[in-house]
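Everything numeric here is computed off the predicted structure, so don't read it as measured data. Labels below follow one simple rule: chain letters A, B, ... track the order of the sequence lines, proteins then strands, and each chain is numbered from 1.
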There are 2 protein chains.
Amino acid sequence: MIISLELDSETPLYEQLRNQIVIGIAMGTLAEQERLPSVRQLAEDLGINTMTVNKTYALLKQEGYIVIDRRHGAKVAPRAAVGQEPTEQLTHQLQLIIAQAAIQGVDQSRFQTLCGQIFAKMAYQT
Amino acid sequence: MIISLELDSETPLYEQLRNQIVIGIAMGTLAEQERLPSVRQLAEDLGINTMTVNKTYALLKQEGYIVIDRRHGAKVAPRAAVGQEPTEQLTHQLQLIIAQAAIQGVDQSRFQTLCGQIFAKMAYQT
DNA sequence: TTTTATGTATTATATATACTAATACAAATA
DNA sequence: TATTTGTATTAGTATATATAATACATAAAA
């Protein structure tokens, strides 16, 4: 899996890394139960500090996206059951995005189409 | 317009304030051309510093959500033309949210329904 | 003209966060 | 035993956040 970090971005490195791994899981680039690189390996590959990667892994673990076994390292968590209700946090994030879209002049049908296109790229549920 | 800030949140105050104003504009709580409170007034009402509010206004101005006239203060910007294409930034934000939703087990139809419900609350385009 | 209110700029301070660095530890495998 | 795993600790530096106290230019209102 290819990861590219922007060192001059306002988004913290550990958060950029977290986001790209989440998208990787959803798109199937990282398969279920697949093992992630070790914190040392990934830190070396990306040219960043070990503790920054560790912070990302701790965050992903706390959010339930990965599972950490001291024996085998970090793995992608088993799939959740389908048909779940959206989290309140997710609903709030979506509300903010839709508010911005509406103000910027993106109408609902265009927005829904975009959602469909993005969902089509997510191999997680198929 | 009612604004509530969480002082113990991880989200900076100026960003919380910015988000609530954006949602207020989209939902029609803040009408087009409507004048926002002065930075001093809003800072006093919320019990925060003047410069924090000023930072929010500067951000909203830079993003095009409000217009600032030195004579009359800050106003909600005129409406954008409808039928605009989604920004690349907006697309990326949406991609991340959909990735999280997919992993959490929210299927596409449920997600689309939620989008529709949120859009229905946005009085901006109607 | 004077007063008032607007956003904005400046300077300073305190606190929290982000990132790096160098070690070290417990656990488990080869 | 040696190696690899995530994790903890301690330290240092840089940046971001928020507050505080003033001050300024602009323009409306008295």
Contact letters for nucleotides 23-30 of chain D, in which S counts primed atoms plus P, OP1 and OP2 and B counts the base, heavy atoms under 4.0 Å: B-BSSS--

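Applying the side-chain hydrogen bond (donor to acceptor under 3.5 Å, both in side chains) test to A:Glu85 and every residue at least two apart in sequence or in another chain returns B:Arg110. With sequence neighbours excluded, the residues that form a side chain to side chain contact (heavy atoms under 4.5 Å, CB included) with B:Asp45 are B:Gln41. Residues passing the side-chain hydrogen bond (donor to acceptor under 3.5 Å, both in side chains) test with B:Glu44: none are found, sequence neighbours excluded. With sequence neighbours excluded, the residues satisfying side chain to side chain contact (heavy atoms under 4.5 Å, CB included) with A:Ser9 are A:Glu6, A:Thr11, A:Gln16. Partners of B:Arg40 under the side-chain hydrogen bond (donor to acceptor under 3.5 Å, both in side chains) rule, at least two apart in sequence or in another chain, do not exist in this structure.
Residue B:Ile3 holds its CD1 atom at 5.5 Å from CG of B:Leu42, rounded to the nearest 0.5 Å. Taken to the nearest 0.5 Å, the CD1 atom of A:Ile66 stands 12.0 Å off from the NZ atom of A:Lys75. Note that the CG atom of B:Asp8 and the CD atom of B:Glu10 stand 9.5 Å from one another [nearest 0.5 Å]. Atom CG of residue A:Leu30 and atom CD of residue A:Gln20 lie 11.0 Å apart, to the nearest 0.5 angstrom. Taken from CD1 in B:Ile103 to CD1 in A:Ile23, the straight-line distance is 9.0 Å, to the nearest 0.5 Å.
A:Lys61 has a side-chain polar atom (N or O) that falls below the 4.0 Å cut-off from OP1 or OP2 of D:dT7. For B:Thr50 and D:dA20, the shortest distance from a side-chain N or O to OP1 or OP2 is not below 4.0 Å. For the pair A:Asn54 and D:dT7, the criterion of a side-chain N or O lying under 4.0 Å from OP1 or OP2 is met.
The residue among A:Asn49 and B:Ile68 whose nearest nucleotide of DNA chain C is located toward the 5' end is B:Ile68.
Atom C1' of nucleotide D:dT9 and atom NZ of A:Lys55 are separated by 16 Å, given to the nearest angstrom. Taking atom CG on B:Leu17 and atom C1' on D:dA18, their separation rounds to 13 Å, with Å as the unit.
Protein chain A contacts DNA chain C over a range whose 5' and 3' limits, counting nucleotides with an atom under 4.0 angstrom from a non-hydrogen atom, are C:dA18 to C:dT29.
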Show me, pair by pair, the donor-acceptor contacts under 3.5 angstrom made by side chains of residues 48-61 of chain B, not counting sequence neighbours?
unit_1, atom_1, unit_2, atom_2, d
B:Asn49, OD1, B:Met51, N, 2.9
B:Thr56, OG1, B:Tyr14, O, 3.0
B:Thr56, OG1, B:Thr52, O, 3.2
B:Tyr57, OH, B:Pro37, O, 2.6

Report, one line per pair, each donor and acceptor closer than 3.5 Å where one atom sits in a side chain of residues 111-122 of chain A; sequence neighbours left out.
unit_1, atom_1, unit_2, atom_2, d
A:Gln112, NE2, B:Gln112, O, 3.4
A:Thr113, OG1, A:Ser109, O, 2.9

Considering only distance and modelled atom types, tabulate donor-acceptor pairs under 3.5 Å from the side chains of residues 86-101 of chain B, sequence neighbours left out.
unit_1, atom_1, unit_2, atom_2, d
B:Thr87, OG1, A:Gln104, OE1, 3.1
B:Thr91, OG1, B:Thr87, O, 2.8
B:His92, ND1, B:Glu88, O, 3.1
B:Gln100, OE1, A:Arg18, NH1, 3.0
B:Gln100, OE1, A:Arg18, NH2, 2.9

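Residues from residues 2-15 of chain A with heavy atoms under 4.0 angstrom of DNA chain D: there are none.
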Distances under 3.5 Å only, N/O to N/O: pair up the protein atoms with those of nucleotides 10-13 of chain D.
none

